[in-house]
Amino acid sequence: MNLDVVHDSIDRLRSTSSQRWALALLAVGAVGAASLISAFVADDVTDASVAFRVAPIVVAVGLALVAVGLPDSHTALVVLAVLVLQWWVMTDDPTSAWAIPTALCLVGFHALVALLATTPPSAVLAGAVLRRWAGRALVPVAATVAVWGLAVALDGRGGGVAVVLVGLAALAAAGLLIGPDPRDRPADDR
Amino acid sequence: VTDPAARGASAPTAAHDQACWRPTFAHVRTVSIATVAALAAVVWTRADLLVLAAPFAAVAVWSIAARPSAAPSLTSGLDEHTLTEGGVTTWRATLTDADHVDVVVAAMPPTGWLDRRPASGVASSAATHGEATVSVVVAPTRWGRRTVEPVAVIATSAWAAFRWSGTSPLEPVTTLPLAAGFDARAAFHPSDGLVGVNRSVRPGEGSEFASVRPFQPGDRLRRVNWARSTRSGTLQVSATWADQDTHVMLVVDASSEVGRSEGIGGRPSSLDTTIRAAAAIAEHYALRGERVSLRVLGSTSVPIVPPGSGRGHLRRIHEALTLITPPTGRAGRGFDPRLLHSTGQVLAVMLSPLVTADALDAAVAMGRHGSTVAVVDTLPADLGHRDPHAELAWRIRLLERRNELRAVQELGLPVIAWRGPDSLDGFLRDVARRSQAPRMRVR
């Protein structure tokens with residue numbers, strides 16, 4: 001390996017601010033927590049082996065370490081995909097309350113990596129920025145709890161159909177979001 | 001930035017790189033996870049997957065709703081472009097028309113001898129009411145002319161979903177040398193001029209009273225001593241001594257730099273001491289009304305500053321000193337014969353570490369040409385050698401240098417180690433005494 005690359009990496013690690021280390025640690029911790037919850041729930045509902053429970057945790061945390069080192073990349077997307085897949089494979093309770101902390105850990109990891117991607121490693125973010133981001137976290141928390149409450153309320157009363165309907169609505173909304181922004185169109189097309 | 005003229009700063013310049021808003025990896029991540037998890041929930045009728053998708057869907061909706069529609073306008077600039085070593089100024093960037101902008105980050109790249117605060121050079125700010133300002137404090141630590149490299153300014157929307165980037169233009173910074181402490185209480189060397197603050201040996205126009213004498217044609221009416229004239233019955237005038245100034249010619253040796261400069265707060269190199277001492281001597285004499293000129297050895301980029309006095313002229317000398325660039329290892333360029341021009345009745349102060357023959361040759365030539373020359377030794381006392389071989393070689397060179405300085409002193413040129421205030425007092429007193437005696441000029 002080229003020694004210059006090693007020295008550059010060491011210099012970059014040394015110049016990394018303590019605030020960034022803390023944010024990265026939180027992000028990796030969120031991934032570990034989400035993966036542990038999935039493994040914990042799997043212990044309840046499946047006859048999973050130790051390797052089956054531990055391997056996803058190691059993979060997720062390892063990828064999370066890479067993701068916080070390369071926040072402006074698709075690595076974090078892979079981490080989230082692994083975690084969602086782990087939950088999907090290991091659990092089969094559609095109304096499990098453990099879905100709430102898992103979802104919050106996932107979105108927390110996403111937000112922290114997004115925040116890390118806005119600045120170079122040596123930067124220290126202003127307190128006002130951190131407070132603003134912390135304050136707006138209430139919205140995804142409320143959305144998560146509301147959807148979970150809806151799922152529990154509809155469970156056993158044609159809940160499957162309700163899930164399909166809600167899911168379709170979500171897909172339609174996502175389609176609208178992914179589509180071109182009307183503000184990008186020329187004025188004549190409006 | 002909003003009122004640069006009031007602070008003496010240049011007008012802020014608009015950024016030339018106005019890219020549009022682009023989605024980030026974070027936004028792609030949000031939409032992808034929300035879509036895939038919702039799709040899986042529909043296909044496998046798993047409500048728990050919808051719970052996982054819900055926060056991402058909320059973030060995605062918020063991000064889209066708060067997507068900025070137009071590029072903000074960026075203005076940036078330094079509060080001050082000319083500073084003294086150890087001074088501070090602030091680089092500011094302001095984003096206006098920044099609706100839906102959430103966070104603004106500016107990253108200033110490192111530049112030699114310019115400290116940044118915060119030390120990372122990165123500043124962040126939360127935008128409010130469509131406007132955000134980020135600032136980085138810039139503190140030059142060494143004299144010279146430098147530029148603040150283009151600063152990358154990044155703006156992001158809510159949840160860092162969309163990103164806009166701009167770049168500020170280059171900002172020149174002139175760092176004037178911090179004048180070392182200097183004072184001289186001794187008398188000055190007389191010159192040919194009839195202007196200045198020192199009493200001449202000849203009567204003439206001035207402010208210091210000499211005698212009362214009868215009126216002569218040519219005397220000004222304001223010099224008439226009316227009281228004495230009334231008593232004596234003849235018109236009497238108050239005669240004065242002519243005021244006289246000193247022409248101090250600073251000769252700065254920039255052909256070599258010994259020692260490693262650590263900036264204003266650390267150990268100085270020989271060139272640091274030379275520049276700061278020259279600035280101090282110029283400040284002392286120019287502000288007292290003496291004429292000061294500047295010549296630089298070993299640098300063709302620095303113009304000769306002709307004699308002058310006052311604050312404006314002092315600023316001119318200081319700015320000329322900032323044009324000196326540390327040598328890059330080349331040997332001296334030989335003696336400049338222009339040094340002998342107009343060096344008749346001047347006090348020439350040569351500042352040099354005296355490690356090359358060029359400076360000593362120039363000092364000897366000026367002395368033989370009739371100038372009163374003082375050689376100020378600016379070699380640092382401790383160079384902090386760590387290599388024993390380099391230390392030994394340097395000691396041998398110092399022995400040779402001692403012999404060279406002794407030879408110069410035997411020719412009548414004083415070599416004075418720079419000690420800050422009062423460094424030149426002893427020399428100036430000797431000059432004042434010698435000026436009363438007959439002199440012999442060697443041609």
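All values below come from the heavy atoms of this structure, side chains included, with hydrogens, waters and symmetry mates left out. Note that this is a predicted model, so its numbers are computed, not measured. Chain identifiers are assigned alphabetically (A, B, ...) following the order of the sequence lines, protein sequences preceding nucleic acid strands; residue numbering begins at 1 within each chain.
In this structure a side-chain-to-backbone donor-acceptor pair under 3.5 Å is present from B:H81 to B:P172. Between the side chain of B:S157 and the backbone N or O of B:A160, no donor-acceptor pair lies under 3.5 Å. Side-chain atoms of A:D8 do not come within 3.5 Å of backbone N or O of A:V5 as any donor-acceptor pair. The backbone N or O of A:P71 sits nowhere less than 3.5 Å from a side-chain atom of A:T75 that would complete a donor-acceptor pair.
Among the candidates A:A142, A:A111, A:A103, the residue making the largest number of heavy-atom pairs closer than 4.5 Å to chain B is A:A103. Of the listed residues B:A58, B:S120, B:A37, the one with more heavy-atom pairs under 4.5 angstrom with chain A than any other is B:S120. For the options A:D72, A:V84, A:V124, heavy-atom pairs under 4.5 Å to chain B are most numerous at A:D72. Top candidate by heavy-atom pairs under 4.5 Å with chain A, chosen from B:A70, B:P23, B:A127, is B:A127. Counting heavy-atom pairs under 4.5 Å between each of B:T24, B:V43, B:D48 and chain A puts B:D48 at the top.
With hydrogens and angles left out, the side-chain atoms of A:H110 and B:T30 include a donor and acceptor closer than 3.5 Å. Side-chain contact of A:S122 with A:R20: a donor-acceptor pair under 3.5 Å is absent, judged by distance alone.
Neither the backbone nor the side chain of A:V141 comes within less than 4.5 Å of any heavy atom of chain B. Heavy atoms closer than 4.5 Å to chain B are found in both the backbone and the side chain of A:T118. If you measure heavy-atom distances from B:S63 to chain A, you find no contacts under 4.5 Å at all. For a residue to count as touching a neighbouring chain, one of its non-hydrogen atoms must lie under 4.5 Å from one of that chain's; by this rule A:S15 does not touch chain B. The parts of B:A158 that come within reach of chain A are both its backbone and its side chain, each placing non-hydrogen atoms under 4.5 angstrom from that chain. For B:S32, the part lying near chain A is the side chain, with the backbone staying farther off; criterion is any non-hydrogen pair under 4.5 Å. Proximity to chain B is absent for every atom of A:R131, based on heavy atoms less than 4.5 angstrom apart.
Here A:W88 and B:W44 bring their ring centres to under 6.0 angstrom of each other. Ring centroids of A:W87 and A:W98 are separated by 6.0 Å or more, keeping the two rings apart.
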